[in-house]
Number of protein chains: 2
Amino acid sequence: MERFDYDARVNIGEIAKRAGVSRSTVSYALTGRRPVSPETKQRIQAVIDELGYRPNAAARALKEGRTRTIGLVIPPASTRLTDMQLGFVASVVDAAARADLDVLLSPSGGEHDRSFERVVTGQRVDGVIVMEIRLEDDRVARLMASGLPFVGIGRTRDPQGMSWVDIDYETLIARCVHHLADLGHRDVALVNRSAELVAAGYGPGHRARAGFDRAVAERGLRGVAVCCADDAQAGQACTESLLAEHPELTAIATVNEAAAAGVYHALARTGREVPRDFSIVGVAARHWAENLHPPLTAADVPAVELGAQAVDLLLGRIADPAAPHRHLLVAPPISLRATTGPARR
Amino acid sequence: MERFDYDARVNIGEIAKRAGVSRSTVSYALTGRRPVSPETKQRIQAVIDELGYRPNAAARALKEGRTRTIGLVIPPASTRLTDMQLGFVASVVDAAARADLDVLLSPSGGEHDRSFERVVTGQRVDGVIVMEIRLEDDRVARLMASGLPFVGIGRTRDPQGMSWVDIDYETLIARCVHHLADLGHRDVALVNRSAELVAAGYGPGHRARAGFDRAVAERGLRGVAVCCADDAQAGQACTESLLAEHPELTAIATVNEAAAAGVYHALARTGREVPRDFSIVGVAARHWAENLHPPLTAADVPAVELGAQAVDLLLGRIADPAAPHRHLLVAPPISLRATTGPARR
DNA sequence: TCCCTCGGTCGAACCGATTCGACGAATCGG
DNA sequence: CCGATTCGTCGAATCGGTTCGACCGAGGGA
């Protein structure tokens, strides 16, 4: 099968030939790793511009042993990304682009473990950022065993041997409960993430629960915690049955931003006006909190900053895999918006 | 500098040596491109399992001339992804994973053009899916010139020489207007995407406007069209000034899902109840429409299907770059939810 | 019995870059 | 004026796979 000329990609040898130098000289002119005379350099550059030459990434990666690419392990598409997760992805991609790195996406979990394996073991990436980490997470175990530099957005139960950034859900939810208690609420509920996630050992779910229980005990409140799938319908169903079983409730704290709209629906349908009759406070991406109607009083998760920090940490680990591990735990303050008020007496 | 043993990655030569065969035999055992006796195959597999060997992706890509990776060009993170765009990304990643392809993300536009160039010209990917296509789009021009297979989610003004999938905003918005007209509304507004996007020649903005104008003329309505940035605050500000200038309005059609929540706020603040006093209808991701309160009557964009189709089309082009171009234009029906009703007289 | 085919394997070339050692010419210090 | 550097360049080796041509032995058809 004949290949046509316009299909032939130029390589470094073609550049060298046309510029009348050796291939190594072209390489040195490009990388600057050895001196090249100005005239030669200019001649080479002219040929490169003319032919639109770009070094073949695979060849370079093969020889250099690094790919200038990082992997980003995300939850599979079937479990819809929350607004916060989207914020992480966007900021990681952005920060990586600033460092001239490309980002390879890998949905993991469920049926997509081949993708994870490819990314981790094929020397396709120089490092990995893993989202949605469980308390016991075998992907983390795999990564540790492989020796590939990685950083978690989230952390395992015992995150000693890893670098990570995370949101301090335990502190945040405790703070939410204290905020409600300060307003005089005595009967409060926690709307957590989905039962599946919690059962699978999803960290934020467990830590939110712990913070809730602690704060409820500290303030002598009556608390009830429920799990809820990550969408508005579930939020509504969940809240309606919650209110039916516990009519004495006057406030909800939530880490489930995707369900928040459903909580609103349910309150409206059962005749409770927010914040006059009922208070809601949560942990959410700012964008999301402001989009709700009325805007949600919530701790605004700095997703952009966390994503950028994760990339930073990863670059550090790639540069020096022997350096001590670092981490970042953030607990942003609660932004008072329109959904909390004094308890009705 | 000494390398430690545990750091030494195993390669095909090591496998060959331990299995007592040549490197080519290992390769044939792995790829199945030539027969290998069952005993030999088994022996090789045992060694591979023991050492956890995976072929180096860069070496393979270099020799085979393909990377088993596709590029996904997304808008830069600074312009927040809408829920619909997120749906595209997720479904593309998912569909690619099913085809054992990896996805390289490239934010394009603004400051990130280096990333786009790397992806397109470095032979890093076998093909590209481009989102957010403008009526005149120089990325499309670049891709056409490069000869790299690509598929657009969206299309240029004259999409002859390309394959694409797109949403038929013109038809959809016209359908929305007809729906409102059928309900007796005579004064309707279009809340479009941002003025910057429209000025930059963003297709959906222009096509929505065209459909709006056409339908308004066909039904003899009075129509006013405004642009609005992609967030709730802008939606609110926009709608408030719209209502102040045109108090006679009784309905809004919108393609700006991100602004929809703000439209609700504005209507509530000006004392209009939906759908009793005012109707809203739009084009949005189902998830988003259902999340709004009350749920938005809207044409539900099948993002998952479109993303999967885009991958399909791309696979076709990679397999046979000479095949005729194909495209898919979808116009999903309007799902009646809770935001449209008869015009008050 | 001879020749051909085919299954199974090997060695060598190749993909397109980087990098090391070497070498001639120019420069510099003493 | 001479030996030691330095500059600029070249050729060859290398990274880790795939693939082509060749070879050997077994089996089948005439």
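Lettering follows sequence order; numbering is per chain, from 1. On a predicted model such as this, the values are computed, not experimentally measured, just so you know. For the numbers below, each heavy atom of this structure counts, side chains included, while hydrogens, waters and symmetry mates do not.
As rounded to whole Å, 21 Å separates atom P of dC15(C) from atom CZ of Arg124(B). Rounded to whole Å, the distance from CZ on Arg66(B) to P on dG17(D) is 16 Å. Rounded to whole angstrom, the span from the CD atom of Gln123(A) across to the C1' atom of dC15(D) amounts to 11 Å. Nucleotide dT9(C) holds its C1' atom 18 Å from the CD atom of Gln42(B), rounded to whole Å. Between the CG atom of Leu30(A) and the P atom of dG16(C) there is a distance of 16 Å, rounded to whole Å. Here dG11(C) presents its P atom at 14 Å from CD1 of Ile12(B), a figure rounded to the nearest Å. If you measure from atom CZ of Arg33(A) to atom C1' of dC7(D), you get 19 Å, rounded to the nearest angstrom. Separating the NZ atom of Lys17(B) from the P atom of dC10(C) is a distance of 15 Å, rounded to the nearest angstrom.
The 5' end of DNA chain D is approached more closely, in terms of each residue's nearest nucleotide, by Lys63(A) than by the other of Gly13(B) and Lys63(A). If you find the closest nucleotide of DNA chain C to Leu62(B) and to Val36(B), the one lying nearer the 5' end belongs to Val36(B). Mapped onto DNA chain C by nearest heavy atom, Arg34(A) and Ser24(B) fall at different nucleotides, with Ser24(B) at the one closer to the 5' end.
In this structure, a donor-acceptor pair under 3.5 Å is absent between the side chains of Arg124(B) and Thr69(B). Side-chain atoms of Ser24(B) and Ser27(B) form no donor-acceptor pair, as typed in the model, at a separation below 3.5 Å.
In terms of polar N and O atoms assigned as donor or acceptor, the side chain of Arg60(B) never comes within less than 3.5 Å of the base of dG16(D) in a complementary pairing.
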Determine, step by step, whether Asp126(A) and Arg66(A) satisfy the salt bridge (Lys or Arg N to Asp or Glu O under 4.0 Å) criterion, reporting the C-alpha distance in whole Å, the side-chain angles of both residues, the deciding distance to 0.1 Å, and the verdict. CA-CA 6 Å; Asp126(A) 298 336; Arg66(A) 62 180 177 143; 5.7 Å; no
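Residue Pro55(A) is in sugar-phosphate contact alone, with no base atom involved, counting any heavy-atom pair closer than 4.0 Å across all strands shown.
When the side-chain nitrogen and oxygen atoms of Asn11(A) are compared with OP1 and OP2 of dG16(C), one or more of them lie within a distance under 4.0 Å. A close approach under 4.0 Å does not occur between any side-chain nitrogen or oxygen of Tyr28(A) and OP1 or OP2 of dA17(C). For dT9(C), the OP1/OP2 oxygens have a side-chain nitrogen or oxygen of Ser37(B) closer than 4.0 Å. Distances shown here put a side-chain N or O of Thr40(A) below 4.0 Å from the OP1 or OP2 atom of dT9(D).
With both pairing distances under 3.5 Å, dG30(C) is matched to dC1(D) as a Watson-Crick or G-U wobble pair.
Side-chain atoms of Arg23(A) lie closest to dA13(D) of the nucleotides dG17(D), dT9(C), dA13(D).
By the 4.5 Å heavy-atom criterion applied to side chains, Leu51(B) and Glu14(B) are counted as neighbours.
Contact check on Arg43(A) versus Glu39(A) returns no salt bridge, with no Lys/Arg side-chain nitrogen under 4.0 Å from an Asp/Glu carboxylate oxygen.
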